[in-house]
Novice: 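Encoded as structure tokens, here's the structure I'll be asking about.
By convention in this document, chain letters (A, B, ...) are assigned in the order of the sequence lines, proteins followed by strands, and residues within each chain are numbered from 1.
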There are 2 protein chains.
Amino acid sequence: MDSHGWDAPEMTTTAQNLSTIDAATTRLPAHEVIYRQLRDLVLFGDLAPGQAVTIQGLSERLGAGMTPVREALRRLIAEGALEFQGNRRVSVPLLSADNISELILARQWVDPHLTLRATERATLGDLDHLRALDDQLDVAITRGDLRAYLELNYLFHRRLYEIADAPILAHLADGLWLRFGPSLRVVCGRMGTQNLPDKHKAMLEAMHARDAEAAARAIREDVIQGMEQVRHSLEQSGALR
Amino acid sequence: MDSHGWDAPEMTTTAQNLSTIDAATTRLPAHEVIYRQLRDLVLFGDLAPGQAVTIQGLSERLGAGMTPVREALRRLIAEGALEFQGNRRVSVPLLSADNISELILARQWVDPHLTLRATERATLGDLDHLRALDDQLDVAITRGDLRAYLELNYLFHRRLYEIADAPILAHLADGLWLRFGPSLRVVCGRMGTQNLPDKHKAMLEAMHARDAEAAARAIREDVIQGMEQVRHSLEQSGALR
DNA sequence: CAGAGAATAATTTGATCATATTCTGGGCGC
DNA sequence: GCGCCCAGAATATGATCAAATTATTCTCTG
């Protein structure tokens with residue numbers, strides 16, 4: 001899944017401090033560490049849409065040289081998580097209504113497809129794992145913990161992708177998450193964690209019954225519901241944010 | 001389409017010399033130039049699947065420092081054009097049968113969809129442009145010019161993506177091309193340029209008649225036909241290459 | 001004594017940084 | 001408002017360090 005080889009990034013379940021250098025992570029190259037930190041920052045909306053990002057700023061903030069930072073940025077830009085603004089300037093992309101439509105379209109295809117595959121391949125252990133994630137998700141929702149909701153929701157879908165065992169499609173799907181991450185945070189922040197979409201229960205039941213079509217349908221509804229909220233909220237507030 | 005801002009890369013219609021530094025391109029940053037050169041090298045199969053790529057080697061070969069090369073590599077790796085082999089080594093990916101299946105699946109969805117949109121948006125000028133490209137393609141095929149075929153075929157589809165005006169989906173589609181480029185070259189090199197797929201005529205007619213569905217069907221067949229040949233040729237020769 | 005294997009030395013290549021250079025954008029004066 | 005100048009940020013280089021692969025040697029066994 002990780003196109004850059006190394007072991008899976010450990011998910012930070014709580015807000016993380018940028019200056020915290022994980023001792024266990026020290027074995028990884030600096031550019032990889034920077035990449036993951038920045039990636040999470042984008043994915044969970046810690047960087048607002050439109051916000052500018054400077055190499056030297058990050059370099060100082062993270063206590064690293066500029067070469068690793070530069071590499072991490074190139075990677076994120078190539079993945080669509082950040083945007084190169086022609087004149088050597090980098091920022092978090094603003095999503096247009098058209099962009100959202102494209103993202104909805106793409107996820108509407110790729111997520112159900114991966115779910116289909118996942119249903120065929122999932123072991124009972126996999127299902128338990130998904131259920132556990134979903135339970136934690138419920139807790140986060142009732143507790144109103146937005147950050148935890150965002151992370152767990154991503155983790156849930158990501159786990160699904162891994163089970164599907166289709167690295168290229170999973171990489172595509174991951175790229176989509178990076179693109180709407182910042183806006184998702186903004187939208188959810190405005191609506192609170194109540195009535196957030198969660199068709200996961202229905203999906204898990206279908207997976208358990210090995211009804212791949214039903215599981216795919218459920219995830220499709222989950223995706224549509226979530227993404228349409230973003231679209232709607234975005235259209236309402238003019239451009240975005 | 002280009003996620004990194006700058007103007008569209010000029011397509012090299014003939015084989016290009018790596019050491020040639022285009023004077024007109026000098027305005028572009030070195031890492032961008034390197035990226036485009038490497039990208040074309042991958043896209044048109046000048047780098048064989050499995051072949052190793054070293055930073056310092058490219059650095060000397062292209063007469064640039066290692067930082068720009070490094071950045072270009074990170075970008076290509078993020079796009080799936082190159083592969084990071086865990087132990088800090090980079091190579092051109094080998095495609096497994098499963099990978100091919102994923103690529104076929106993805107293109108089967110994204111190419112028709114972009115064609116649908118392109119048909120709705122294409123001006124008469126656009127159609128002329130596509131027709132011109134397709135004519136050149138015919139010339140390349142009858143002449144047996146493999147390299148020209150590969151470049152023109154890519155250009156044709158890419159132009160289609162641009163007309164569709166869906167940057168995110170187009171970026172996805174571009175990424176897919178990068179993944180099967182090297183293998184495509186190997187397969188075509190083995191079969192010659194005869195009986196290569198070209199459903200472009202039918203597609204252009206449909207586009208001209210504004211029959212989006214028919215155009216999408218035609219492109220779908222074009223994609224399937226081409227990709228299945230890769231799959232077949234790959235399965236026959238064991239792993240790949 | 002020959003050869004397989006492990007340990008080690010040597011070389012190649014990647015990772016990082018400090019620094020020099022170039023370019024962009026904004027402010028100031030005209 | 002237009003053009004010049006300057007601060008700051010990005011780009012690019014080469015040196016340095018670290019890691020890994022490859023080559024070499026040494027040892028132990030049959």
Novice: Measure from CG on B:L28 to P on D:dA10 and round the result to the nearest Å.
Specialist: 19 Å

Novice: Of all the heavy-atom pairs spanning A:G189 and A:L146, show the shortest one and how long it is.
Specialist: CA-CD2, 3.6 Å

Novice: Is B:Q56 side chain donor-acceptor paired with the C:dG14 base, going by distance under 3.5 Å alone?
Specialist: yes

Novice: For residues B:V53 and B:L58, determine if any side-chain heavy atom of one lies less than 4.5 Å from a side-chain heavy atom of the other.
Specialist: yes

Novice: Among the candidates C:dT16, C:dT13, C:dC23, find the nucleotide nearest to the side-chain atoms of B:R70.
Specialist: C:dT16

Novice: Side-chain N or O of B:R88 versus OP1/OP2 of C:dT12: is the shortest distance under 4.0 Å?
Specialist: no

Novice: Whether B:R89 contacts C:dT13 is assessed here as follows: a side-chain N or O lying under 4.0 Å from the phosphate OP1 or OP2. Is that the case?
Specialist: no

Novice: Specify the separation, in whole Å, of atom CZ of B:F84 and atom C1' of D:dA19.
Specialist: 12 Å

Novice: Over all heavy atoms of both residues, which pair between B:A78 and A:A78 is shortest? Give the atoms and the distance, please.
Specialist: CB-CB, 3.9 Å

Novice: Scan B:T54 against the nucleic acid and name what it touches under 4.0 Å (heavy atoms): base, sugar-phosphate only, or nothing.
Specialist: sugar-phosphate

Novice: Measure CG/A:L62 against P/C:dT16 and give the value in whole Å, please.
Specialist: 13 Å

Novice: How close or far is atom P of C:dT16 from atom CG of B:L73, stated in whole angstroms?
Specialist: 14 Å

Novice: Figure out the CE/C1' separation between A:M66 and C:dA20, and round it to whole Å.
Specialist: 12 Å

Novice: Please state how far atom CG in B:L58 lies from atom P in C:dT12, giving the value in whole angstrom units.
Specialist: 17 Å

Novice: Please state how far atom CD in A:E32 lies from atom C1' in C:dT16, giving the value in whole angstrom units.
Specialist: 15 Å

Novice: Report yes if at least one side-chain N or O of A:N87 is closer than 4.0 Å to OP1 or OP2 of C:dG25; otherwise report no.
Specialist: yes

Novice: Establish, with yes or no, whether the OP1 or OP2 oxygen of D:dT11 is under 4.0 angstrom from a side-chain nitrogen or oxygen of A:R74.
Specialist: yes

Novice: I would like to know whether A:E71 and A:R74 meet salt bridge (Lys or Arg N to Asp or Glu O under 4.0 Å); could you show each step before the answer?
Specialist: CA-CA 5 Å; A:E71 289 184 55; A:R74 292 282 168 241; over 6 Å; no

Novice: Select one nucleotide: of D:dA10, D:dA12, C:dT16, the one nearest the side-chain heavy atoms of B:P68.
Specialist: D:dA12

Novice: Checking A:A81 now: which residues fulfil side-chain contact (heavy atoms from CB on, under 4.5 Å) with it, not counting sequence neighbours?
Specialist: A:V42, A:L76, A:L178

Novice: Just the rounded figure in Å: distance from C1' of D:dC17 to CD1 of B:I55.
Specialist: 15 Å

Novice: Which nucleotide, C:dG14, D:dT21, D:dT13, lies nearest any side-chain atom of B:T67?
Specialist: D:dT13

